[in-house]
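Below is one structure; the comments refer to it alone.
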Amino acid sequence: MSGISENLQAVQRRIGEAADNAQRPAQSVNLLVVSKTFGADAVIEAAATGQRAFGENYLQESLDKMATVESARPDLDLEWHFIGPIQSNKTKPIATHFDWVHSVDREKIAQRLSDQRPDDLPPLNICLQVNISGEASKSGFAPEAVIEAAQRIASLPRLRLRGLMAIPEPEDDPQRQRLPFRQMHALYLQLQQQLPGLQIDTLSMGMSGDLDAAIAEGATIVRVGSAIFGTRNYAKQ
Ligand SMILES: *Cc1c(COP(=O)(O)O)cnc(C)c1O
């Protein structure tokens with residue numbers, strides 16, 4: 001017994017409680033299960049509970065895993081989200097194999113993903129990553145630059161801009177965790193106002209350690225790994 005389904009249920013309860021506390025419907029928060037460093041068997045086990053959306057950070061690992069899952073369980077209709085750092089020479093396989101990309105962190109990457117998205121697939125759903133804590137080591141648009149960039153990126157034909165994503169600096173205090181999430185929510189509202197014709201409906205923020213604070217501040221997708229699968233044996237970021 002690996003406990004994956006129990007952990008998933010516990011995370012769903014946590015999401016429900018946080019949504020309740022924020023007087024939001026629980027269905028307004030979607031769970032993205034982050035399966036990086038865990039194998040195809042872990043994905044299949046999580047999928048058995050009805051989970052469809054999985055997040056991955058490392059391209060080669062994720063392509064191998066997708067192929068293994070697909071050959072073992074062609075009946076599963078999973079949705080794959082790329083959430084890791086993107087090198088510009090790796091955009092083609094990302095544009096080909098993923099349904100969503102949360103980590104678009106510069107215009108050049110958006111342009112390449114649009115150019116390389118295969119014509120027989122629907123437009124690629126994307127979020128722009130915002131460096132909300134202003135960390136030198138983190139990628140993402142500066143908060144003051146993201147709205148203008150979004151206006152240009154929104155016109156790329158093979159992308160569908162859905163919203164914003166952030167990974168704030170780690171912070172243990174639940175109250176202090178809320179500040180960067182609140183700033184992200186303000187940017188998200190600004191984006192919706194600036195791009196009224198688009199379906200800007202996604203604010204991707206909150207992980208195992210801070211999903212409650214993120215939901216309190218309006219997250220619509222929380223990305224959760226270790227609370228479901230346990231501690232990762234290696235962490236490349
Ligand atoms: C690894 C990762 C997560 C999941 O983090 P946990 O703390 O394991 O829940 C979420 N988002 C991104 C971008 C990640 O790289």
Side-chain angles (χ1 to χ4, degrees), residues 4-5 7-19 22 24-40 42-59 61-63 65-66 69 76-86 94 97-105 113 122 124-130 132 140 160-168 177 180-181 184-185 188 199-230 232 235-237:
I4 289 175
S5 75
N7 291 347
L8 254 166
Q9 280 172 19
V11 167
Q12 291 287 12
R13 273 196 302 275
R14 218 174 127 192
I15 290 172
E17 276 168 32
R24 302 177 52 196
Q27 316 88 270
S28 67
V29 185
N30 295 292
L31 172 60
L32 179 65
V33 168
V34 177
S35 44
K36 67 174 178 223
T37 80
F38 293 95
V43 169
I44 289 169
E45 198 172 334
T49 70
Q51 178 68 30
R52 283 193 61 226
F54 291 87
E56 289 285 336
N57 287 54
Y58 312 116
L59 183 60
E61 178 195 322
S62 62
L63 297 181
K65 200 178 302 180
M66 282 177 198
V69 172
L76 292 178
D77 181 26
L78 303 184
E79 189 179 271
W80 293 95
H81 296 228
F82 195 81
I83 62 174
I86 304 175
I94 293 173
H97 293 283
F98 284 83
D99 302 294
W100 282 72
V101 178
H102 294 225
S103 45
V104 174
D105 62 352
L113 289 171
L124 180 65
N125 296 293
I126 65 156
C127 293
L128 303 186
Q129 183 172 349
V130 180
I132 196 66
R160 192 161 153 216
L161 177 62
R162 300 292 292 269
L164 303 175
M165 178 272 223
I167 314 169
Q177 285 174 350
F181 293 140
M184 283 298 298
H185 189 250
Y188 173 66
Q199 186 188 6
I200 302 293
D201 57 5
T202 303
L203 187 51
S204 166
M205 59 188 195
M207 317 198 296
S208 295
D210 57 12
L211 68 92
D212 323 83
I215 291 169
E217 298 295 346
T220 70
I221 296 184
V222 291
R223 309 176 308 265
V224 182
S226 50
I228 293 163
F229 296 120
R232 284 180 290 275
K236 289 188 200 162
Q237 69 163 24

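Note that the structure is a prediction, hence the values are computed from the model and not measured. Numbering starts at 1 and runs along the sequence shown.
- A heavy-atom distance below 4.5 Å is not found between the side chains of M205 and L164.
- For the atom pair CD1 (I83) and CG (N57), the distance works out to 4.5 Å, reported to the nearest 0.5 Å.
- Residues A47 and L76 share a closest heavy-atom pair of CB-CD1, 3.9 Å.
- The distance from the CG atom of L78 to the CE atom of M66 is 9.5 Å, given to the nearest 0.5 Å.
- Of all the heavy atoms in Q51 and A46, the pair that sits closest is CB-O, 3.5 Å.
- Judged purely by atom type and a 3.5 angstrom limit, S103 uses its side chain to pair as donor or acceptor with the backbone of G84.
- Within the 3.5 Å criterion, the main-chain N or O of A227 finds a donor-acceptor partner in the side chain of S208.
- Closest non-hydrogen pair, I228 versus V224, comes out as CD1-O, 3.7 Å.
- A donor atom on one side chain and an acceptor atom on the other are found under 3.5 Å apart for R223 and S204.
- Contact check for V222 versus L32: no side-chain heavy atoms found under the 4.5 Å cut-off.
- Distance check, rounded to the nearest 0.5 Å: CD1 of I200 to OH of Y188 gives 8.0 Å.
- No side-chain donor-acceptor contact under 3.5 Å links S28 to the backbone of R24.
- Here OG1 of T49 is found 11.0 Å from CG of N7. Values are rounded to the nearest 0.5 Å.
- In summary, K36 and E61 do not engage in a salt bridge, as defined by a charged side-chain N under 4.0 Å from a carboxylate O.
- The two atoms that bring N125 and R162 nearest to each other are OD1-NH1, 2.8 Å, heavy atoms only.
- Considering every non-hydrogen atom in both D201 and T220, the closest pair reads O-OG1, 3.5 Å.
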Could you go step by step and tell me if R13 and E17 meet the salt bridge (Lys or Arg N to Asp or Glu O under 4.0 Å) rule?
CA-CA 6 Å; R13 273 196 302 275; E17 276 168 32; 5.7 Å; no
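- Taking the side chain to side chain contact (heavy atoms under 4.5 Å, CB included) definition, one finds that R52 meets it with D77, E79, sequence neighbours left out.
- Residues E56 and S35 bring a donor and an acceptor atom of their side chains to less than 3.5 Å of each other.
- Using cut-offs of 30° and 60° on the angle between ring planes, the pair F54 and W80 is tilted.
- I221 CD1 to L203 CG: the interatomic distance, rounded to the nearest 0.5 Å, is 9.0 Å.
- Atom CG of L211 sits about 4.0 Å away from atom CZ of R14, to the nearest 0.5 Å.
- W100 has its side chain out of reach of I126: every pair of non-hydrogen atoms, C-beta onward, lies at least 4.5 Å apart.
- Across all their heavy atoms, F181 and A213 have their closest contact at CD1-C, 3.8 Å.
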